[in-house]
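The structure under discussion appears below in the form of structure tokens.
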Amino acid sequence: MAPITSRMQAPTRTGTKVVAVTDYQATPQSDQLALTGERTVPGIAAENYWFRRHEVAYEYILDHCAGRDVLEAGSGEGYGASMIAARAKSVTCVDYDEQAVEHTRRRYPELVVHRGNLIDLPLTDGSVDVVVNFQVIEHLWDQSAFVAECHRVLRPGGVLLMSTPNRITFSPGRDTPLNPFHTRELSAAELTELLTGAAAPNGPADAGAAAFDVRQMLGVHHGPALRDLDAKWGGSIIDAQIDRALAGDEWPADLAADVAAVATSDFDILSADDADIDASLDLLAVAVRR
């Protein structure tokens, strides 16, 4: 998932307008993966809110990856896989986009990176302990086939960690996704059905062995500091960014500064028992291979 703002021009220094910077050490611009609307990338001021919103999910799952063989299916720019590599036994990346694969190989040489189709993963059966699939499932046409592939490459008892924007809050009241790069967005109930096989025509039995038990359904929420920024920007700092991007308006200096200051600690990841999962921004499922 990438925001509408990622397809718009970032704020520039004109008069009182500023270019904010994050604490992420970006590569030189010549080696920076281009923003296309399909993914977020680090080190871009106007993208910082979305980048941190994705990064917090990677921070959360590091313990699940510690000492294990991990596949990131749909690795994008590669920053998440690099974070995982600091804790995992091994990390393998698969992405379909040739430019993203070449970029990841250059920038993160510690990673093994394959170009491949996510519904035909270039891995042998039972070869990894963990599959990470963050902000990707909503881009896929055959979501069930991908889940079956995750099941195939996981060892018995392996874990699938999947995040996706919450359809209810990301594209509210719409029959089709707001982001044109998304094929099908999911609610928490729909994601659970997809992973357990309940969405198959004849229910779980039709899904055969390629099904998972969902152990946790978590939601990403704004913490106190971001809720304060929501109030400051007319109810939503997200809408403040998107509305100006769609209108082609430059950002005021204080909006640029507020976005640049967002940190992963400004987000809360809460279980469905502790907060309304349908009010969350993104979903994070922890599922175990049957």
Side-chain angles (χ1 to χ4, degrees), residues 1-8 35-42 46-61 72-77 79-80 95 118 132-144 146-147 160-195 199 214 216-223 226-227 230 235-243 245-246 259 262 264 266-272 275-287:
M1 178 267 288
I4 299 295
T5 51
S6 69
R7 302 198 300 279
M8 305 296 171
L35 281 176
T36 64
E38 291 189 89
R39 66 182 70 85
T40 188
V41 301
E47 189 76 0
N48 185 56
Y49 167 85
W50 300 98
F51 173 68
R52 301 304 180 189
R53 181 165 145 180
H54 291 191
E55 187 184 28
V56 69
Y58 283 103
E59 290 181 347
Y60 189 89
I61 57 102
E72 183 167 23
S75 50
E77 194 272 347
Y79 69 88
D95 201 279
L118 296 192
V132 177
N133 178 248
F134 278 6
Q135 305 293 335
V136 173
I137 191 71
E138 66 275 7
H139 293 263
L140 303 182
W141 289 102
D142 196 339
Q143 296 176 342
S144 295
F146 170 67
V147 172
L160 172 59
L161 303 167
M162 183 177 288
S163 78
T164 188
N166 178 9
R167 175 183 61 76
I168 294 171
T169 57
F170 195 77
S171 297
R174 292 177 58 94
D175 294 329
T176 57
L178 179 65
N179 189 316
F181 291 100
H182 294 179
T183 62
R184 180 194 176 211
E185 294 171 356
L186 301 162
S187 67
E190 292 161 345
L191 179 56
T192 299
E193 289 177 352
L194 175 67
L195 296 175
V214 176
Q216 285 185 293
M217 183 62 69
L218 304 158
V220 178
H221 301 260
H222 282 177
L226 279 168
R227 292 198 296 270
D230 284 333
S236 172
I237 191 172
I238 299 171
D239 290 345
Q241 297 172 75
I242 292 175
D243 290 349
L246 291 174
V259 169
V262 173
T264 56
D266 294 326
F267 295 92
D268 292 333
I269 296 182
L270 304 172
S271 74
D276 182 3
I277 195 69
D278 288 337
S280 65
L281 302 166
D282 297 322
L283 305 170
L284 173 55
V286 180

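Quick caveat, the model's predicted, so the values are computed rather than measured. Numbering starts at 1 and runs along the sequence shown.
- Listed for the S163 side chain is a donor-acceptor partner under 3.5 Å among the backbone atoms of Q135.
- Partners of Y58 under the side chain to side chain donor-acceptor pair (under 3.5 Å) rule, at least two apart in sequence or in another chain, are E72.
- Partner T164 forms a side chain to side chain contact (heavy atoms under 4.5 Å, CB included) with one of E138, E185, R184 and no other, that one being E138.
- With sequence neighbours left out, the side chain to side chain donor-acceptor pair (under 3.5 Å) criterion links S236 to no other residue.
- In terms of heavy-atom proximity, G219 sits nearest to S280 at CA-CB, 3.6 Å.
- The two residues V136 and G74 have their closest heavy-atom pair at CG2-O, 3.5 Å.
- Interatomic distance, L226 CG to D266 CG, rounded to the nearest 0.5 Å: 4.5 Å.
- Checked against side chain to side chain donor-acceptor pair (under 3.5 Å), S187 has the following partners two or more places apart in sequence or in another chain: E190.
- Using a 4.5 Å heavy-atom threshold, the side chains of H54 and F134 count as separate.
- Of the possible donor and acceptor atoms, none in the side chain of N166 sits under 3.5 Å from a partner among the backbone N and O of L283.
- Two rings, from H139 and F146, have their centers 6.0 Å or more apart.
- With hydrogens and angles ignored, the 3.5 Å screen pairs a side-chain donor or acceptor of E77 with a backbone N or O of Y79.
- Distance check, rounded to the nearest 0.5 Å: CD1 of I269 to CG of L281 gives 11.0 Å.
- Considering every non-hydrogen atom in both I238 and Y49, the closest pair reads CD1-OH, 3.2 Å.
- Between D268 and G223, the shortest heavy-atom contact is OD2-CA, 3.5 Å.
- A distance of 5.0 Å separates NE2 of H222 from CG of D230, quoted to the nearest 0.5 Å.
- In this structure, CG on L195 lies 8.5 Å from CG on L186, to the nearest 0.5 angstrom.
- In this structure, the side chains of Y60 and V220 stay at 4.5 Å or more apart for every pair of heavy atoms.
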* Asked: Between R53 and D282, is a salt bridge (Lys or Arg N to Asp or Glu O under 4.0 Å) present by the stated rule, with each step listed?
  -> CA-CA 9 Å; R53 181 165 145 180; D282 297 322; 2.8 Å; yes

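- Here OG1 of T169 is found 10.0 Å from CD1 of I277. Values are rounded to the nearest 0.5 Å.
- Less than 6.0 angstrom separates the ring centroid of H182 from the ring centroid of F170.
- Side chains of F267 and H221 form no contact here, defined as non-hydrogen atoms less than 4.5 Å apart.
- Rounding to the nearest 0.5 Å gives a distance of 6.5 Å between CG of L194 and CE of M162.
- Side-chain N/O atoms of T264 and E55 include no donor and acceptor closer than 3.5 Å.
- Side-chain atoms of Q241 never come within 3.5 Å of backbone atoms of V259 as a donor-acceptor pair (strictly under, hydrogens ignored).
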